[in-house]
Each structure stands twice: as C-alpha cells, then as structure tokens.
Amino acid sequence: MSTTLTKRKSRRRWPWVLLVLALAGGGYGYYRQRNQEKPIEIQVTKASRRNLTEVIVANGRVQPVVQVKISPEVSGEIIELPVKEGQAVKKGDLLIRIKPDLYAASRRSAEASYKAALAGKAQSAASLEKADLELKRNEALFREKLISETLHQDFLTSRAIAAAAYDSASHQVDVARASLARSEEDLAKTIIYSPITGTVSKLNSQLGERVVGTAMMTGTEIMVVADLTEMEARVEVGEMDVVLMQPGLKAQLEVDAFTARKFNGRITEVANSSKNSLVGSSSGSGSSQDATRFEVRIRIEEKDAFRPGMSVTAEIETRYRTNALTVPIQSVTTRLPNSGGSTTNAAITTAATGSAPPPASAMDRRKEGNKPQEVVFVFNGTQVTATPVKRGISDDTFVEITEGLSEGQEVVSGSYKAISRELRDDSKVKLISEAAPGGSKPPGP
C-alpha cells in the first residue's frame, strides 16, 4: 500500500520538474541569444544649443495686388475695342464702346415723356389757379348770401380736385425725370474707361462680340486690367499652420520662372475663412472632404518681370528660438509603450517630469497605453536607452527639445533604419562614427 502511494506522489512531481526545467532552458536560451545578438551599427551626435527658425512651406500663384475685372453694366455689341492684351493703359483711357442705338432711343423716349409731364404739370397749375379765383369770388357771394351753401361746396370740391391734380402732375414730372436720368446713365455706360493705370493682363472678348450686362445677372468678363508694378504671392496653408500666420511675418519666395533666385516678402493678409468652406451644407459630397486650406497674401518687395499666374513657393518664417537645446530632426522617433522592451508609461512620465504620475483610471491607462511616445536613444557606451522627450519648434535640420535631455548628451542620429525600426530600449549597439551636426537625413517620405 505504501509503495503504491509513493509511486503516485512521484508521478505528480514529474510535471512540475519538467516545467521548471523548461523555464530554465528557455531563460538560458534567451540569455545566450541576448549576449550573442549582433550589435546595431549607429552614429551619434551631441545635444547642443543653437538658434532655430521654424519655416512653413506653402505653394500658390503670383498675382497683382490691384486688378480690376471689366464687365459691362449694359448688354450689346462691341463696336470699338482699341486695346490689346498686354497693352499699357492709363486711368481714363477708352477701353470698350458698346453699340448705343437702343439706349439712345430709350433716352429720347424718356426725354419726351419728361417734357409731356412738364406740360401736364403746367396745365394742372393753371387749373388750380382758376379754381382758386372762382372759389375766392364765390366765397364773397356766399358771405352776402347771394348763392346757396350747396353751390359753395361745389366750388370747394372743385378747388380740392384741382390741387390734387397738380400734386399728381408734379409726381409725374419726378418719375419722368428719374426715367430720363436712368436712360442717360445707361447710354453713358455703353462707353467704358479704364478705372486704373495698369496693363490689360487678360482680354476675353473681341470686336463685334455681343456681351451681357451685369444689371440682372453675372455679366460677361471682357478683360482684366492690373497694376503689375505691385505684385503679391497668394499661397494656401493648412488649418494647422494658419493659426501661426499673421501680417508682418517674413517670407522667402521662389518663383519657378526665375531659377536660382529668391525674393523677399512679408505677409499682408490672412484669410478668415477657408477657400473650400461649405456654408449650410451637410451633404457628404466629395468637395466637403477636401483638405481645408486658407489663403495667405505675401507682398513681394522686389520688382521684376512677374506675370499673373506664375507658380511660387513661399517659405514663411513663423517662430524663433534663441539658444535652444537641439538634436538632429531624425533623432526623434516614436515607440509604443511596452513594445520591444521600450519604456512604460509610468517610466516615461517619471523620466520626463522628475515626479511620479498621478493615479489614473483603468480606461485612462488603456488609452494611454496605446499612445505612441516620442523618444530619442541616448548612447551609453555599448547600449542605448530610449529616453522620452518633448519637442518644440524645428527647422529643416534640427528640432528643439524642451524636456528629457541635457546639453552634451550623445544621442543616436543614424542610421534612419536603426532609429525608426531596429533600436529598442537597452539594445546593444556599435558606434561606427560620430555624426556631424545634423546627422544623416532620413530618406523621402
């Protein structure tokens, strides 16, 4: 009986012994693999202080600061067009003459109506004067009781009717006068003069063409007159960058037509609403899903042979930092907490702020656990440490570090593959060479 019990106890111990041996073997294998893994080749540079200027790049077109679209206010046939596209004009020069026959006839008709109204008013004035005289004579007879009260009331009524007729005739004169003024104005609008001194930058119509006036609808745009001595770049920026735009900021402009040259400019105007905003629209059309863009106008300070519509790229200087702690821009990367041996959220918060994080709810911890952290890899001789940082502004080469690093610390600056994918917290590394300031830039996006 005792022998049987001993055998049963022995069989129960074997699974635990095998489990312990398996765990020990796995730990030994991981230890050997850890010690035998090939070091990752890296380049390092030191965190140093420098002045930074943040630049936002935007694309757009060169346009005149002042340009006027010429559209007629009356419809008709163009009978005179003495200008050509590209021609310089002065303020007050003749641009277009529209056939005036119809408007001249309307003016003559309105003038005749006005004269008829004046004659009607004169006739009403005479009738009123006659009614006044008759009323005055019959009032004397009525006081002497030579006529009846009924007859006296008839004269009062006749005088009131004459006065009302005179008032009506006066209003008719006013109406006819307004109609005549309008017809004269329409006749005058058949001739269009240049409102500014500039250049005919665009000509859309030809001699003999019929054009539509703007009185009741969108009229025909015959031409555009622009002042080409003052030009500006009209560029579009995204909604994340427009909050940094303000009048007076400097910009460097590259116009495609002028290679190897840069022009100076300053922001003069920032749009208050986006170009593709849909007012009162709740439909899910494709246009409502376009990127939100805002127009920014930049006055070009130099004078050159710019033409409306030329492509331009603007580098707008938005923010500045002096004596900022910086590292190469490619040194900062992101890692998910607890992925591949990187630091946990609690460790990141403690390292970045120097104090323990406040307690969080389970939901907060789950959300925070899925949020990537910005880190740099600090070089410690044979290994690197993933150090959480907070970044500030950046230029094309360097990024400002506001928390997490000290001046002189060596950070990994290359290769891009090592920083973006291979390195983890406590990874073994091999230094190939110390990178020059700025390091090697990552390949294109």
From [atom1] ([X]) to [atom2] ([Y]), nearest 0.5 Å:
{"X": "R159", "Y": "K130", "atom1": "CZ", "atom2": "NZ", "answer": "15.0 Å"}
{"X": "R421", "Y": "S415", "atom1": "CZ", "atom2": "OG", "answer": "8.5 Å"}
{"X": "F379", "Y": "L431", "atom1": "CZ", "atom2": "CG", "answer": "5.0 Å"}
{"X": "I42", "Y": "L423", "atom1": "CD1", "atom2": "CG", "answer": "6.5 Å"}
{"X": "Q67", "Y": "I70", "atom1": "CD", "atom2": "CD1", "answer": "11.0 Å"}

Testing the 3.5 Å rule here: is there a donor-acceptor pair between the side chains of [X] and [Y]?
{"X": "T268", "Y": "R299", "answer": "no"}
{"X": "N59", "Y": "T313", "answer": "yes"}
{"X": "R108", "Y": "S106", "answer": "no"}
{"X": "D227", "Y": "T229", "answer": "yes"}
{"X": "T318", "Y": "E54", "answer": "yes"}

Set out, in order, the CA-CA distance, both residues' side-chain angles and the distance that settles side-chain hydrogen bond (donor to acceptor under 3.5 Å, both in side chains) for S194 and D93, then state yes or no.
CA-CA 5 Å; S194 178; D93 286 353; over 6 Å; no
Taking every non-hydrogen atom, the tightest pair across T220 and S205
CG2-OG, 4.0 Å
So with a 6.0 Å cut-off around CD of Q123, is the heavy-atom count from everything else above 12?
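Open: at most 12 neighbouring heavy atoms sit under 6.0 Å from CD of Q123.
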Answer yes or no: does atom NZ of K303 have more than 12 heavy-atom neighbours from other residues, nucleotides or ligands under 6.0 Å?
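Check passes, neighbour count above 12.
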Please tabulate, for side-chain N and O atoms in residues 163-180, each donor-acceptor pair with protein atoms closer than 3.5 Å (sequence neighbours left out).
from : atom 1 : to   : atom 2 : distance (Å)
S170 : OG     : Y166 : O      : 3.0
D174 : OD1    : R177 : NH1    : 3.0

Does E400 use its side chain to pair, donor to acceptor, with the backbone of I393 at less than 3.5 Å?
yes
Using only atom types and a distance under 3.5 Å, with no angle test, would you say the side chain of R97 pairs donor to acceptor with the backbone of E80?
no
Taking [X] first and then [Y], would you say they form a salt bridge - that is, a charged N and a carboxylate O separated by under 4.0 Å?
{"X": "R234", "Y": "E295", "answer": "no"}
{"X": "R293", "Y": "E239", "answer": "no"}
{"X": "D425", "Y": "R335", "answer": "no"}
{"X": "E85", "Y": "K202", "answer": "no"}

For E254 and E315, what are the C-alpha separation, side-chain angles and deciding distance, and is it a side-chain contact (heavy atoms from CB on, under 4.5 Å)?
CA-CA 8 Å; E254 293 184 4; E315 297 178 353; 4.2 Å; yes
Full working for side-chain contact (heavy atoms from CB on, under 4.5 Å) between V411 and V44
CA-CA 5 Å; V411 298; V44 298; over 6 Å; no
List for me each residue that meets ring-ring contact (aromatic ring centres under 6.0 Å, His included) alongside Y193, sequence neighbours excluded, and say none if there are none.
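Listed in chain order: nothing, the list is empty.
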I56 vs L244, test: side-chain contact (heavy atoms from CB on, under 4.5 Å). Steps then yes/no.
CA-CA 9 Å; I56 292 175; L244 303 174; 3.8 Å; yes
Residues I300, L253; criterion side-chain contact (heavy atoms from CB on, under 4.5 Å); working and verdict:
CA-CA 8 Å; I300 304 176; L253 304 171; 3.5 Å; yes
